[in-house]
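Written out below as structure tokens is the structure these notes cover.
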Amino acid sequence: MEIQRPRGTADLLPGTVEAWQVLERIVRDTLATANYQEIRTPVFEHTELFERGVGDTTDIVTKEMYTFEDRGGRSVTLRPEGTAGAVRAYVENKLYGQGNISKLYYIGPMFRYEKPQKGRFRQFHQYGVEVLGSEGPAIDAEVIHLNLTVLQRIGLKNLQVELNSVGCSVCRPRHKAQMVALLTPRRDELCKECQERLEKNPLRIFDCKNEHCHTVLKEVGAPYITDVLCEDCSEHFQSVQAYLTAMSVPFVVKKDLVRGLDYYTRTAWEVTSPGFTTIAGGGRYNGLVEQVGGPATAGIGFGGGIERALWVLAEQGGSLTDAQTVDAFVAVADTSAERTAMAVLATLRGRGISADRDYQGRGMKSQFKLADRMNAKFVVILGEAELASGKATVKDLATGQQEEVPFAELASWIEERVKGAAVGGHEA
RNA sequence: GUGAGUGUGGCGAAGGGGUUAACGCACCGGAUUGUGAUUCCGGCAUGCAUGGGUUCGAUUCCCAUCACUCACCCCA
């Protein structure tokens with residue numbers, strides 16, 4: 001049997017990679033406008049990093065990690081998300097020693113052992129930012145603003161920012177205690193999973209899809225974390241909203257928003273579009289750097305799914321690319337012109353003019369069809385007559401007009417006419 | 001991880017236990033001389049996801065495996 005790609009992975013073929021290139025370009029350009037710098041970290045890390053960083057009660061760690069032993073008997077894991085690795089690198093390379101905040105971004109593959117579905121893969125790709133070293137609400141607003149801006153520039157419509165605060169090490173335990181006190185008497189009525197959540201992370205009960213669980217929540221008067229924030233968190237949350245408003249970032253507060261990772265504190269958000277799953281999401285993680293072994297350092301970041309952004313874009317009827325084009329197609333009318341054709345190709349390419357030809361011995365008619373399919377702008381015809389006269393016949397495929405151009409002037413002639421027009425794939 | 005559905009050429013698809021597996025698109029070649037459209041002509045699956053079983057005979061029935069899709073879970 002033919003070898004197939006592993007489940008949940010995808011081949012990106014010519015025709016679709018172009019959109020990825022454009023999207024990545026948009027991400028880089030947008031983040032550069034806010035002075036973010038790229039960081040590249042390993043695609044696998046010691047398993048312990050994720051267990052400690054992401055949290056060992058999360059779904060990601062308990063059932064979705066690609067973990068294996070390497071030949072040295074070490075347990076390593078393909079990264080399921082980008083934050084843990086970035087934070088590890090920040091600590092290991094002592095970036096905090098520079099005294100400034102670090103504004104970082106990454107783009108790359110992530111891995112999660114899940115059952116693949118639409119918009120969900122085992123190897124998927126994210127771009128994301130991490131800001132280390134600032135606690136102030138202004139940076140929250142900047143990061144959320146960037147998160148949304150990238151998506152807008154990609155061309156997505158009907159985007160919605162859902163915002164919440166999940167508290168800190170002061171208010172979270174307090175909230176947890178209240179939840180446990182209120183819900184334990186009616187523990188038996190909760191679904192099996194919520195009974196577990198009650199012990200590990202009661203906040204997540206709000207996330208439950210089970211109706212009866214919600215009824216119980218209401219009846220006992222279980223408070224949203226947002227309603228019982230400590231003073232500092234409450235103030236922070238208010239400020240974030242004020243800054244967002246100042247930056248004209250529309251958002252809605254969603255009190256039951258809980259993110260899937262344990263490390264979030266205070267600000268948490270998701271960006272969605274009605275009818276789709278989460279396209280991007282992020283939050284603040286003030287305790288994470290310490291947990292990974294660094295000095296107490298505030299952090300905040302987001303991750304966006306490339307497949308999901310492209311999927312939603314396509315569903316909304318948008319696209320990111322035009323087909324790649326070629327400036328000149330060199331048509332060989334007679335085998336005696338073969339060498340000249342190769343020379344012309346080399347010359348044109350040397351001048352930065354994209355050029356291609358037929359390598360399958362096709363006839364004239366087929367070569368023109370090929371040129372047409374490549375979206376070539378000009379066809380340079382080389383045959384006996386041209387060799388004899390020292391002039392190439394050049395046809396402008398858009399107008400259908402032909403001209404004789406001396407070999408020596410060919411490159412400049414084409415360059416003049418092609419200049420200014422977007423040359424295939426160099427511009428976003 | 002649980003449940004359901006699907007799997008025929010590059011793509012979309014018809015078919016159905018018995019000796020030529022429709023059709024459309026795409027692709028390739030041709031319609032007298034070295035030129036892109038349309039039209040016309042011709043070509044293009046010893047094969048119906050893979051492996052096994054039932055049968056005189058299977059691509060059509062059964063089982064397993066793999067993949068994809070959908071729902072749940074959760075998320076990007």
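The sequence lines fix the lettering, A, B, ..., with proteins before strands; numbering per chain opens at 1. These numbers come from the heavy atoms of this one structure, side chains and all, not from hydrogens, waters or symmetry mates.
- The phosphate of B/G36 (OP1 or OP2) has no side-chain N or O of A/Gln367 nearer than 4.0 angstrom.
- Rounded to whole Å, the separation between the C1' atoms of B/G17 and B/A76 comes to 48 Å.
- Here, B/C66 and B/U50 have their C1' atoms 7 Å apart, quoted to the whole Å.
- When heavy atoms are screened at a 4.0 angstrom cut-off, A/Asn375 is found touching no nucleic acid atom at all.
- Atom C1' of nucleotide B/C74 and atom CD1 of A/Ile205 are separated by 17 Å, given to the nearest angstrom.
- Applying the 4.0 Å criterion to OP1 and OP2 of B/C28, one finds that A/Arg362 has a side-chain N or O inside that range.
- Within 4.0 Å of A/Ile60, counting heavy atoms only, lies no atom of the nucleic acid at all.
- In this structure, A/Glu404 places its CD atom 16 Å from P of B/G34, rounding to the nearest Å.
- A/Ala371 comes within 4.0 angstrom of nothing in the nucleic acid, heavy atoms only.
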Intermediate values then yes/no, side-chain contact (heavy atoms from CB on, under 4.5 Å), A/Val87 and A/Tyr285:
CA-CA 10 Å; A/Val87 168; A/Tyr285 45 84; 4.0 Å; yes
Quick one: do A/Phe302 and A/Tyr105 satisfy side-chain contact (heavy atoms from CB on, under 4.5 Å)? Show the steps, please.
CA-CA 9 Å; A/Phe302 73 77; A/Tyr105 78 87; over 6 Å; no
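- Looking at A/Lys369, its side chain has no donor and acceptor atom pair within 3.5 Å of the base of B/U35.
- Regarding A/Phe368, its CZ atom lies at a distance of 19 Å from the C1' atom of B/G30, rounded to whole Å.
- Annotation: B/G30 and B/G36 have their P atoms spaced 12 Å apart (nearest Å).
- Atom-to-atom, CD of A/Gln117 to P of B/A67 comes out at 15 Å; the value is rounded to the nearest Å.
- Counting any heavy atom pair closer than 4.0 Å across all strands shown, A/Lys118 reaches sugar-phosphate atoms only and no base atom.
- Residue contacts shown for A/Glu307 are absent, as no nucleic acid heavy atom lies under 4.0 Å away.
- Side-chain atoms of A/Arg308 and base atoms of B/C75 include a donor and an acceptor less than 3.5 Å apart.
- Judged by atom type and distance alone, A/Glu114 reaches the base of B/A76 through a side-chain donor-acceptor pair under 3.5 Å.
- Across all strands shown, B/G42 forms a Watson-Crick or G-U wobble pair with B/C28, both key distances being under 3.5 Å.
- Put simply, A/Arg7 has a side-chain N or O that comes within less than 4.0 Å of OP1 or OP2 on B/C68.
- Here A/Arg120 does not reach the OP1 or OP2 of B/C70: none of its side-chain N or O atoms lies under 4.0 Å away.
- When Watson-Crick and G-U wobble pairs are counted only if both distances are under 3.5 Å, B/C72 pairs with B/G1.
- A/Gly363 comes within 4.0 angstrom of no nucleic acid atom, judged by non-hydrogen atoms across all strands.
- A salt bridge does not link A/Arg120 to A/Glu307: none of the charged nitrogens lies less than 4.0 Å from a carboxylate oxygen.
- Nucleotides of RNA chain B nearest to A/Gln401 and A/Thr277 differ in position, and the one nearer the 5' end is that of A/Gln401.
- Contact annotation for A/Lys395: base contact, defined as any heavy-atom pair under 4.0 Å involving a base atom.
- Not less than 6.0 angstrom separates the ring centroid of A/Trp413 from the ring centroid of A/Phe407.
- Across all strands shown, nothing is found opposite B/G36 as a Watson-Crick or G-U wobble partner with both distances under 3.5 Å.
- Across all strands shown, A/Ala385 has heavy atoms under 4.0 Å from base atoms, whether or not it also approaches the sugar-phosphate.
- Closest approach to the A/Ile381 side chain among B/G34, B/A76, B/C27 is made by B/G34 (side chain taken as heavy atoms from C-beta onward).
- Spacing between B/C41 and B/U19 at atom P, rounded to whole Å, works out to 29 Å.
- For the OP1/OP2 pair of B/G29 and a distance below 4.0 Å, the side-chain nitrogens and oxygens of A/Ser366 include at least one atom meeting the criterion.
- In summary, of the residues considered (A/Ile279, A/Leu313, A/Leu156), a side-chain contact (heavy atoms from CB on, under 4.5 Å) with A/Ser273 occurs for A/Ile279 alone.
- Base engagement by A/Glu386 is indicated by at least one non-hydrogen atom pair under 4.0 Å involving a base atom.
- A cation-pi arrangement, defined by a distance under 6.0 Å to the six-membered ring centre and an angle within 45 degrees of its axis, is present between A/Arg122 and A/Tyr113.
- Base contact: A/Arg112 has a heavy atom under 4.0 Å from a base atom.
- Note that CZ of A/Arg172 and NZ of A/Lys176 are 9.5 Å apart. Values are rounded to the nearest 0.5 Å.
- Between A/Lys63 atom NZ and B/C72 atom C1' there is a gap of 10 Å when expressed in whole angstrom units.
- A donor N or O paired with an acceptor N or O is not found under 3.5 Å between the base of B/A67 and the side-chain atoms of A/Arg5.
- Side chain of A/Gln367 to main chain of A/Val332: a donor-acceptor pair is present (N/O by atom type, distance under 3.5 Å, no hydrogens or angles).
- Of the two residues near RNA chain B, A/Gly119 and A/Pro6, the one whose nearest nucleotide lies more 5' is A/Pro6.
- Of the P atoms belonging to B/C44 and B/U20, the separation is 16 Å, rounded to the nearest Å.
- Below the 3.5 angstrom threshold, one finds a donor paired with an acceptor across the side chain of A/Gln402 and the base of B/U35.
- Between A/Lys115 atom NZ and B/A4 atom P there is a gap of 10 Å when expressed in whole angstrom units.
- Between the base of B/G1 and the side chain of A/Glu64 there is no donor-acceptor pair shorter than 3.5 Å.
- In this structure, CZ of A/Arg122 is placed 13 Å from C1' of B/C68, rounded to the nearest angstrom.
- Ion pairing between A/Arg40 and A/Glu38 holds under the 4.0 Å rule for side-chain N and carboxylate O.
- In this structure, B/U20 makes no Watson-Crick or G-U wobble pair, since no nucleotide meets both defining distances under 3.5 angstrom.
- Counting non-hydrogen atoms under 4.0 angstrom, A/Gly8 reaches the backbone sugars and phosphates but no base.
- Residue A/Asp372 contributes atom CG, which lies 6 Å from atom P of B/A37 at whole-angstrom precision.
- Across every strand in view, B/A13 sits unpaired, with no contact that passes the Watson-Crick or G-U test at under 3.5 angstrom.
- Side-chain atoms of A/Lys365 and base atoms of B/G36 include no donor and acceptor less than 3.5 Å apart.
- Within the nucleic acid shown, A/Gly400 comes within 4.0 Å of at least one base atom, counting heavy atoms only.
- Looking at the side chain of A/Phe124, the nearest of the listed nucleotides B/G36, B/A76, B/C68 is B/A76.
- Distance check on atom P: B/A31 versus B/U35 gives 10 Å, rounded to whole Å.
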Taking it one step at a time, do A/Trp269 and A/Asn147 satisfy side-chain hydrogen bond (donor to acceptor under 3.5 Å, both in side chains)?
CA-CA 10 Å; A/Trp269 72 92; A/Asn147 190 164; 2.8 Å; yes
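- B/C27 and B/A45 have their C1' atoms separated by 15 Å, given to the nearest Å.
- The P atoms of B/G9 and B/A4 are separated by 27 Å, rounded to the nearest whole Å.
- With a cut-off of 3.5 Å on both Watson-Crick or G-U wobble distances, the partner of B/U6 is given as B/A67.
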